[in-house]
2 protein chains.
Amino acid sequence: MKAEEISRKLIDKKLKVTPQRIAILEAIINLNNHPTAENIVEYIRKNHPNISVATVYKVLDALVDSRLIKKVKTERDIMRYDGVVESHHHIYCSDSDRIEDFNDNELNELLEKYFEKKKIPDFKIEDIKLQIIGKYIKTK
Amino acid sequence: MKAEEISRKLIDKKLKVTPQRIAILEAIINLNNHPTAENIVEYIRKNHPNISVATVYKVLDALVDSRLIKKVKTERDIMRYDGVVESHHHIYCSDSDRIEDFNDNELNELLEKYFEKKKIPDFKIEDIKLQIIGKYIKTK
DNA sequence: TTTTAAACGATAATAATTCTCTTATAATAA
DNA sequence: TTATTATAAGAGAATTATTATCGTTTAAAA
């Protein structure tokens with residue numbers, strides 16, 4: 001994704017455009033595998049060696065608040081981030097830290113219909129995410 | 001749940017039975033709302049004032065390893081634990097830390113059938129969990 | 001170009017969790 | 001029942017991810 005395109009995202013959210021913010025958002029999008037803050041720092045330092053860890057955390061917070069990125073739920077104590085903000089599901093590998101995206105409109109419609117029919121009492125659903133847990137199998 | 005019943009669970013998993021382990025497992029089951037380590041310490045200290053925080057963490061780890069409890073995925077940096085090990089779903093309140101269990105066999109069957117038909121390439125599914133995110137609404 | 005509110009960077013502080021090491025105890029054998 | 005031994009518990013230090021502080025810099029509006 002071009003820097004200009006990323007600037008636009010920031011401007012749309014009324015965030016001040018800085019080289020750090022562009023680099024961080026770009027990193028999350030390019031590293032497209034739910035990076036940690038540390039992964040992001042490491043990636044950015046290649047072109048931007050002086051960026052501070054504190055800045056990365058602050059920018060990540062700002063991006064989450066503006067809904068340009070999302071936090072990913074895990075059962076580890078390291079936060080991970082997701083550049084895909086459209087509702088989608090996650091495949092969790094049960095013997096590594098790999099998390100893959102899973103998109104399936106047929107499934108989304110199925111779920112939507114299901115919960116229209118069978119409401120949860122006193123609860124307004126905002127989003128439904130699947131965590132698909134399992135293992136990648138070697139083929140051949 | 002009676003202490004005896006809890007002892008049996010530990011023995012079945014070949015874990016040494018100690019008052020601390022019984023108290024911790026009992027706490028998780030009684031506190032049935034996905035407590036944090038801190039919640040557990042607080043609860044246990046009422047009857048067991050000298051228990052060490054380190055012990056609680058060590059026991060929690062052992063219980064997770066033996067699959068007597070599970071970690072709950074959240075997007076906060078505080079770990080939460082779940083005494084219900086049977087596969088089930090979670091309702092996350094989007095404006096508090098509340099996490100409720102959600103059980104629905106019809107839904108499970110629906111999902112099972114769906115993924116039987118539509119396999120994920122090179123992936124063996126072990127479990128599917130829904131995260132239902134939304135808000136509780138006040139009635140009346 | 002000037003102004004200024006906001007962001008950055010460095011480092012200290014915090015908080016959850018893990019580690020280390022000594023003492024205590026549950027389970028097993030005698 | 002008592003002795004033995006491996007394992008667990010307790011206390012506090014250490015670690016690690018994240019957050020806060022504060023002086024300096026900078027983006028963007030005037």
Side-chain angles (χ1 to χ4, degrees), chain A residues 3-4 6-28 34-42 44-45 47-66 68-69 71-81 97, chain B residues 3-4 6-28 34-42 44-45 47-66 68-69 71-81 97:
Chain A
E4 211 174 285
I6 289 172
S7 290
R8 172 108 339 259
K9 283 172 184 279
L10 292 169
I11 292 166
D12 286 349
K13 297 292 186 179
K14 306 196 194 319
L15 292 174
K16 196 182 274 192
V17 178
T18 67
Q20 292 86 346
R21 286 179 170 176
I22 292 173
I24 290 164
L25 192 44
E26 198 169 35
I28 295 166
H34 313 95
T36 63
E38 203 192 343
N39 296 151
I40 294 165
V41 170
E42 208 178 311
I44 292 177
R45 288 231 166 114
N47 298 312
H48 217 291
N50 297 318
I51 198 161
S52 158
V53 174
T55 299
V56 172
Y57 278 102
K58 276 182 283 195
V59 170
L60 287 170
D61 265 7
L63 297 176
V64 170
D65 284 351
S66 311
L68 284 171
I69 64 171
K71 292 184 171 186
V72 178
K73 291 184 168 65
T74 74
E75 48 191 49
R76 310 268 331 279
D77 54 0
I78 300 167
M79 191 57 63
R80 296 177 65 165
Y81 298 88
D97 288 337
Chain B
E4 211 173 285
I6 289 172
S7 291
R8 172 109 338 259
K9 283 172 184 277
L10 293 168
I11 292 166
D12 286 349
K13 296 292 184 179
K14 305 196 193 321
L15 292 174
K16 197 183 273 192
V17 178
T18 68
Q20 291 86 344
R21 285 178 171 177
I22 292 172
I24 291 165
L25 193 43
E26 199 169 34
I28 295 165
H34 313 95
T36 63
E38 203 193 340
N39 296 151
I40 294 164
V41 170
E42 208 178 309
I44 291 177
R45 287 232 166 113
N47 298 311
H48 217 290
N50 297 319
I51 198 161
S52 158
V53 174
T55 300
V56 171
Y57 278 102
K58 275 182 285 195
V59 169
L60 287 170
D61 265 7
L63 297 176
V64 170
D65 284 351
S66 311
L68 284 172
I69 63 171
K71 292 185 172 185
V72 178
K73 290 184 172 64
T74 75
E75 47 192 50
R76 310 271 330 280
D77 54 1
I78 300 167
M79 190 57 62
R80 297 178 64 165
Y81 297 90
D97 288 337

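Chain letters run A, B, ... following the sequence lines, proteins first and then strands; every chain starts at 1.
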query = Counting only Watson-Crick or G-U wobble pairs whose two distances fall under 3.5 Å, which nucleotide matches dA20(D)?
reply = dT11(C)

request  = Please state how far atom NE2 in H48(B) lies from atom P in dT25(C), giving the value in whole angstrom units.
outcome  = 11 Å

Between P of dT25(C) and CG of L10(B), the distance in whole Å = 18 Å

request  = Give a yes/no answer on whether the side chain of Y57(B) brings an N or O atom under 4.0 Å of OP1 or OP2 in dT18(C).
outcome  = no

request  = State which residues pass side-chain contact (heavy atoms from CB on, under 4.5 Å) with A54(A); sequence neighbours excluded, sorted by chain then number.
outcome  = S52(A), K58(A)

task = For atom CZ of R8(A), decide whether the heavy atoms of other residues, nucleotides or ligands shown that lie under 6.0 angstrom number more than 12.
result = no

Nucleotide N/O of nucleotides 5-8 of chain C paired with protein N/O under 3.5 Å:
from, atom 1, to, atom 2, distance (Å)
dA6(C), O4', K16(A), NZ, 3.4
dA7(C), OP1, R21(A), NH1, 3.3
dA7(C), OP1, R21(A), NH2, 2.8
dC8(C), OP1, T18(A), OG1, 2.6
dC8(C), O3', Q20(A), NE2, 2.7

note = One should read off an interatomic distance between I6(A) CD1 and E26(A) CD, to the nearest 0.5 angstrom, of 4.0 Å

message = How many whole angstroms separate atom CG of D97(B) from atom P of dA16(C)?
response = 12 Å

note = Interatomic distance, NE2@H48(B) vs OG1@T55(B), rounded to 0.5 Å, equals 9.5 Å

task = With rounding to the nearest 0.5 Å, note down the distance linking CZ in R21(A) to NZ in K16(A).
result = 8.0 Å

task = Using heavy atoms to find the nearest nucleotide of DNA chain C for V17(B) and Y81(B) separately, return the residue whose nucleotide is more 5′.
result = Y81(B)

request  = Would you give the length of the straight line joining atom OH of Y81(B) to atom CG of L63(B), rounded to the nearest 0.5 angstrom?
outcome  = 9.5 Å

task = Send over the distance from N39(B) CG to dA16(C) P, rounded to a whole Å.
result = 11 Å

The single option from V41(A), I40(A), I69(A) passing side chain to side chain contact (heavy atoms under 4.5 Å, CB included) against I24(A) = I40(A)

remark   = OG1 (T74(A)) and CG (D77(A)) are apart, to the nearest 0.5 Å, by 8.0 Å

ask   = Taking atom P of dT17(C) as reference, at what distance in whole Å does atom CD1 of I78(A) sit?
value = 13 Å

ask   = Rounded to the nearest 0.5 Å, how far does CD1 of I22(B) lie from CG of L10(B)?
value = 6.5 Å

request  = By nearest nucleotide on DNA chain D, pick out whichever of A54(A) and E38(A) is the more 5' one.
outcome  = E38(A)

ask   = Along DNA chain D, 5' to 3', what are the outermost nucleotides having an atom less than 4.0 Å from a heavy atom of chain B?
value = dA6(D) to dT18(D)

